[in-house]
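See structure below.
Just so it is clear, the structure is predicted and the values come from calculations on it, not from any experiment. Note that the numbering runs from 1 along the sequence shown for the chain.
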Amino acid sequence: MNGPPNGPDPDDIPDDAEELQETARRAAQLSAGDVEAFKGLFDMYFDRLHRYALRYLRSSEESQDLVHDVFLRIWRQRRRIGLERDLRSYLYASTRNLALDRLKHRKVEDRFIERGASAQAGGENAADSTDTVRDLESRELAASIQQAIDTLPRRQREVLRLRWQQHLSYNEVAEALNISPKTVAIHLSRAFEHLRRTLPGLID
């Protein structure tokens, strides 16, 4: 693999003046709150944006979830969408930015799990340690992580516990809690974002 793309696939953004005009027309209608215009934009671009996100995330389900998030943001920002000179490029830029955020969150999650597990192991094996200072630091870190986790909403705590402490897959966590894997990903993303803010010294 050569890494994430630097921009949209030219095949996914045809130089089609008619399509650009139609997009601009729907954008103007959307800014006025036209639901049908929103649906029309969704139908026009969902598949292309899904393919684009897939080049970053390598997961069809996660890419679909991301594109839904893009359109959710579009709807929430609909009053200013009409100000965008090129909504099509804006859609691709939003998809790219969200995809990069998710890739960053994946790294954050992996690093958090690794650091947290190491800290917990240090706390559990304190009796075997001859380095008192290091032992104390490990205990304090483990305590700080647990305190931060305790401030999470109940469902986020459950998802984090199953994913982190029991090492279950997204599908296994979803099955255990009777929710969808997409919902698991959302809970984890929110949980780790909270933990990053709460423990700024733990993760860069």
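The OG1 atom of Thr95 sits 12.5 Å away from atom CG of Leu54, with the distance rounded to the nearest 0.5 Å. Between Gln156 atom CD and Thr151 atom OG1 the span is 9.0 Å, to the nearest 0.5 Å. Separating the CD atom in Glu62 from the CG atom in Asp65 is a distance of 7.5 Å, to the nearest 0.5 Å. Separating the CD1 atom in Ile149 from the NE2 atom in His194 is a distance of 10.0 Å, to the nearest 0.5 Å. A distance of 12.0 Å separates OG in Ser63 from CZ in Arg51, rounded to the nearest 0.5 Å. With rounding to the nearest 0.5 Å, the separation of CZ in Arg79 from CG in Leu30 is 10.5 Å.
Side chain of Arg163 to main chain of Leu168: a donor-acceptor pair is present (N/O by atom type, distance under 3.5 Å, no hydrogens or angles). A donor-acceptor pair under 3.5 Å is absent between the side-chain atoms of Arg78 and the main chain of Gly33, judged by distance alone. In this structure a side-chain-to-backbone donor-acceptor pair under 3.5 Å is present from Asn97 to Ala93.
Other residues, nucleotides and ligands place more than 12 heavy atoms under 6.0 Å from the CZ atom of Arg155. Around CG of Asp150, the count of heavy atoms belonging to other residues, nucleotides or ligands within 6.0 Å exceeds 12. Other residues, nucleotides and ligands contribute only 12 or fewer heavy atoms inside 6.0 Å of the CZ atom of Arg73.
The shortest side-chain heavy-atom distance between Val173 and His187 does not fall under the 4.5 Å cut-off. Here the side chains of Ser60 and His50 are in contact, with some heavy-atom distance below 4.5 Å. Looking only at side-chain heavy atoms (C-beta outward), Tyr45 and Val70 stay at 4.5 Å or farther from each other. Contact annotation: the side chain of Leu41 approaches that of Leu87 to within less than 4.5 Å [non-hydrogen atoms, C-beta and beyond]. Side-chain contact between Arg102 and Tyr56 is absent, with no heavy atoms from C-beta onward closer than 4.5 Å. The side-chain heavy atoms of Leu162 and Val184, taken from C-beta on, include no pair separated by under 4.5 Å. At least one side-chain heavy atom of Arg25 sits under 4.5 Å from a side-chain heavy atom of Gln29.
For Arg26, the side-chain hydrogen bond (donor to acceptor under 3.5 Å, both in side chains) criterion is met by Glu22, not counting sequence neighbours. Judged as a ring-ring contact (aromatic ring centres under 6.0 Å, His included), and not counting sequence neighbours, the contacts of Phe42 are Phe46, His68, Phe71.
Minimum heavy-atom separation, Ala53 to Leu66: CB-CD2, 4.1 Å. Nearest approach of Ala99 to Leu57, heavy atoms of both residues: O-CD2, 3.8 Å. Considering every non-hydrogen atom in both Leu195 and Ala148, the closest pair reads CD2-CB, 3.5 Å. Ser180 and Ala174 make their closest contact through C-CB, 3.7 Å (heavy atoms, listed as atom of the first residue, atom of the second, distance).
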Salt bridge (Lys or Arg N to Asp or Glu O under 4.0 Å) between Arg161 and Glu158, worked out: CA-CA 5 Å; Arg161 177 178 58 81; Glu158 292 174 341; 5.9 Å; no
Residues Glu61, Gln64; criterion side-chain contact (heavy atoms from CB on, under 4.5 Å); working and verdict: CA-CA 5 Å; Glu61 182 178 12; Gln64 289 180 27; 5.9 Å; no
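The stretch residues 165-176 participates, sequence neighbours left out, in no salt bridge (Lys or Arg N to Asp or Glu O under 4.0 Å) pair at all.
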